[in-house]
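These numbers were taken from a predicted model, which means no experiment stands behind them. Per chain, numbering begins at 1; letters A, B, ... match sequence-line order.
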Amino acid sequence: MTQIIGYACINTHLKKVGITTNRGVRKVTLNRTGNQLISQLALQNSKDLHTIIKWNADNNIRMFRISSDLFPWGNKVDITQLPDYTEIRAVLESAGKLARECGQRLSAHPGPFNLLASPKERVIQDTIADLELHSQMFDMLGLECSPYNKINIHIGATYGDKETAIRTWIQNYHKLSDNCRSRLTIENDDKASMFSVRELYDMVHTKIGIPIVFDYHHHRFCSGGLSEQEALELAMSTWPIGIVPAVHYSESKALHENDSKIRPQAHSDYLSNMVNTYGHEIHIMLECKMKEDALLKYRQDFLEKKLL
DNA sequence: ATAGGTCAAGCGAGG
DNA sequence: CCTCGCTTGACCTAT
């Protein structure tokens with residue numbers, strides 16, 4: 001069985017030759033230059049996304065996370081009004097088509113500032129704008145309106161009261177567009193005080209049916225009393241029939257390096273262990289600092305060598 | 001040309 | 001109170 005594994009946002013090999021989807025601009029510069037610069041950066045980022053997707057295809061990589069930085073300040077401006085919008089749209093359409101043709105599963109993981117449970121109205125509005133931007137990008141790429149192409153976020157905060165936080169979260173979830181909601185997934189947190197798979201299942205999934213992305217690494221910090229296998233299988237049970245559940249896998253940097261200053265939550269450069277799928281079919285997003293290089297090494301160490 | 005300081009956003013943990 | 005970590009380091013200025 002070929003294992004589908006993916007990597008996130010950055011291709012270190014291509015980055016060395018200037019290919020990146022993460023060009024941005026700081027506020028002070030933007031105030032000087034205006035939206036023209038945003039447009040140029042977004043166009044260049046989009047072209048490079050196409051290049052990365054092509055590279056993935058050529059290297060038989062069938063899962064990839066799109067950067068949330070593709071449109072700098074995209075959640076603050078109407079991207080359809082950018083001077084290069086038509087060209088950006090065409091480039092993304094072509095990139096998405098390429099991904100579909102080679103069965104490359106694309107997803108996104110909007111930043112930790114996306115907090116639908118916040119009691120602050122401004123935070124909610126910013127979150128909705130950012131999630132809708134991601135969904136808009138996915139629309140332009142021609143990606144499915146399903147968690148196959150997931151837009152994955154955390155609940156991310158409790159505000160001292162989990163019940164209230166979840167109630168708020170669900171209330172705001174319903175403010176999202178159909179397209180955005182249909183792609184949205186939630187992931188278990190990496191702090192003991194936050195949301196485990198068990199809690200996501202009981203408090204959120206049973207209410208609105210949203211799929212849960214199981215993160216192996218986070219589970220070690222917030223197990224909710226479940227074993228790894230139990231949490232994986234509970235998360236898997238939340239996915240619609242016909243869509244292979246996606247999971248996240250990473251290892252602690254602290255395990256690899258003897259430095260007490262490194263926090264256990266930090267991700268390692270490469271992986272030294274094979275993912276235990278417990279015999280299940282899952283698509284695995286590898287989160288390593290060395291990105292596609294870590295994926296290639298993982299494949300060589302654990303998937304190809306195994307055949308010998 | 002490169003290094004180092006700084007940078008949009010929220011929250012919680014640790015020092 | 002400040003820094004780190006998180007999705008993802010990258011921008012920008014001074015040397």
Discussion item. Exactly one of A:Asn149, A:Leu98, A:Leu92 should register a side chain to side chain contact (heavy atoms under 4.5 Å, CB included) with A:Leu141. Which one does?
Written reply: A:Leu92
Worksheet item: Nearest-Å distance, CG (A:Asp190) to C1' (C:dC4)?
Response: 12 Å
Discussion item. Check whether A:His283 reaches the backbone of A:Ile4 with its side chain - one donor and one acceptor, N or O, closer than 3.5 Å.
Written reply: no
Item to complete: Return the set of residues passing ring-ring contact (aromatic ring centres under 6.0 Å, His included) with A:Tyr148 (not counting sequence neighbours), or none when no residue passes.
Response: none
Practice prompt. Would you kindly give the CG-to-C1' distance between A:Asp130 and C:dC6, to the nearest whole Å?
Written response: 14 Å
Response to the item:
Tested for side-chain hydrogen bond (donor to acceptor under 3.5 Å, both in side chains) against A:Lys54, the lone hit among A:Asn56, A:Thr51, A:Asp58 is A:Asp58
Worksheet item: How would you list, by chain and number, every residue that makes a ring-ring contact (aromatic ring centres under 6.0 Å, His included) with A:His218, sequence neighbours excluded?
Response: A:His154
Practice prompt. Identify the residue among A:His134, A:Glu187, A:Arg183, A:Arg65 that makes a side-chain hydrogen bond (donor to acceptor under 3.5 Å, both in side chains) with A:Asn152.
Written response: A:Glu187
Worksheet item: Is A:Lys191 close enough and on-axis enough to A:Phe221, meaning under 6.0 Å and within 45°, for cation-pi?
Response: no
Response to the item:
Residue set satisfying salt bridge (Lys or Arg N to Asp or Glu O under 4.0 Å) with A:Lys97, at least two apart, ordered chain then number -> A:Glu101
Practice prompt. Might you confirm whether atom CZ of A:Arg89 has over 12 heavy atoms from other residues, nucleotides or ligands at distances under 6.0 Å?
Written response: no
Discussion item. Can you check the distance between B:dG10 and C:dC11, where both ends of the measurement are the C1' atom (answer in whole Å)?
Written reply: 22 Å
Fill in: Residue-level proximity of residues 17-56 of chain A to DNA chain B when a heavy atom falls under 4.0 Å
A:Arg26, A:Lys27
Worksheet item: Base, sugar-phosphate, or nothing: which does A:His218 touch, judged by heavy atoms less than 4.0 Å apart?
Response: sugar-phosphate
Discussion item. Let's see if you get this right: which residues in residues 102-127 of chain A place a heavy atom under 4.0 Å from DNA chain B?
Written reply: A:Pro112, A:Phe113, A:Leu115, A:Ser118, A:Lys120, A:Arg122
Discussion item. Please give the distance between the P atoms of B:dA8 and C:dT13 as a whole number of Å.
Written reply: 12 Å
Discussion item. For the residue pair A:Ser196 / A:Glu199, report whether a side-chain donor-acceptor contact shorter than 3.5 Å exists.
Written reply: yes
Worksheet item: In whole Å, what is the span from the CG atom of A:Asp215 to the P atom of C:dC6?
Response: 11 Å
Worksheet item: Residues two or more places apart in sequence or in another chain: which of them pass salt bridge (Lys or Arg N to Asp or Glu O under 4.0 Å) with A:Arg32?
Response: none
Fill in: C:dG5 to C:dG9 separation - C1' atoms, rounded to the nearest Å
13 Å
Discussion item. Expected output is a numbered-order residue list: members of residues 143-174 of chain A with a heavy atom under 4.0 Å from any atom of DNA chain B. What is it?
Written reply: A:Ala157, A:Thr158, A:Tyr159
Response to the item:
note: A:Lys289, atom NZ; C:dC4, atom P; distance rounded to Å ~ 14 Å
Worksheet item: Using atom C1' of each nucleotide, how far apart are C:dC4 and B:dT6 to the nearest Å?
Response: 15 Å
Discussion item. Tell me the interatomic distance from A:Phe221, atom CZ, to B:dC11, atom P, rounded to whole angstroms.
Written reply: 22 Å
Between side-chain atoms of residues 20-30 of chain A and protein atoms elsewhere (two or more places apart, or another chain), which donor-acceptor pairs fall under 3.5 Å?
residue: A:Thr20; atom: OG1; partner: A:Asn22; partner atom: N; Å: 3.0
residue: A:Asn22; atom: OD1; partner: A:Ser67; partner atom: OG; Å: 2.4
residue: A:Arg23; atom: NH1; partner: A:Thr20; partner atom: O; Å: 2.7
residue: A:Arg23; atom: NH1; partner: A:Asn45; partner atom: OD1; Å: 3.0
residue: A:Arg23; atom: NH1; partner: A:Asp48; partner atom: OD2; Å: 3.2
residue: A:Arg23; atom: NH2; partner: A:Gly18; partner atom: O; Å: 3.4
residue: A:Arg23; atom: NH2; partner: A:Asp48; partner atom: OD2; Å: 2.6

Item to complete: Take atom C1' in C:dT8 and the same atom in B:dC7, then report the distance between them in whole Å.
Response: 14 Å
Worksheet entry | C:dG9 phosphate, OP1 or OP2, under 4.0 Å from A:Lys15 side-chain N/O | no
Practice prompt. Would you mind reading off the distance between A:Ile128 atom CD1 and B:dA9 atom C1', rounded to a whole angstrom?
Written response: 15 Å
Practice prompt. Check each residue of residues 62-77 of chain A for a non-hydrogen atom within less than 4.0 Å of any atom in DNA chain B, then write out the ones that pass by number, or none.
Written response: A:Trp73, A:Asn75
Could you pull out all donor-acceptor pairs under 3.5 Å where a side-chain atom in residues 228-235 of chain A meets a protein atom, sequence neighbours excluded?
residue: A:Glu228; atom: OE2; partner: A:Tyr278; partner atom: OH; Å: 2.7
residue: A:Gln229; atom: NE2; partner: A:Glu233; partner atom: OE2; Å: 3.1
residue: A:Glu230; atom: OE1; partner: A:Ser227; partner atom: N; Å: 2.8
residue: A:Glu230; atom: OE1; partner: A:Ser227; partner atom: OG; Å: 3.4
residue: A:Glu233; atom: OE2; partner: A:His280; partner atom: NE2; Å: 2.7

Item to complete: Please state the P separation for the pair B:dA9 and C:dC12 - nearest whole angstrom.
Response: 16 Å
Worksheet entry | Euclidean distance, atom CE of residue A:Met194 to atom P of C:dC6 [Å, nearest integer] | 13 Å
Practice prompt. Check the angle between the aromatic planes of A:Tyr7 and A:Trp55 and answer parallel, tilted or perpendicular using the 30° and 60° thresholds.
Written response: perpendicular
Worksheet item: How would you list, by chain and number, every residue that makes a ring-ring contact (aromatic ring centres under 6.0 Å, His included) with A:His219, sequence neighbours excluded?
Response: A:Phe214
Worksheet item: Rounded to the Å, how far apart are A:Leu14 CG and C:dT8 C1'?
Response: 16 Å
Worksheet entry | Student check: side-chain heavy atoms of A:Met203 and A:Lys162 closer than 4.5 Å | yes
Discussion item. Run through DNA chain C and report every stem of 3 or more consecutive Watson-Crick or G-U pairs, distances under 3.5 Å, ordered by first number.
Written reply: B:1-7 with C:9-15, B:10-15 with C:1-6
Worksheet item: Under the 3.5 angstrom rule, does the side chain of A:Glu87 hit a backbone N or O of A:Asp84 as a donor-acceptor pair?
Response: no
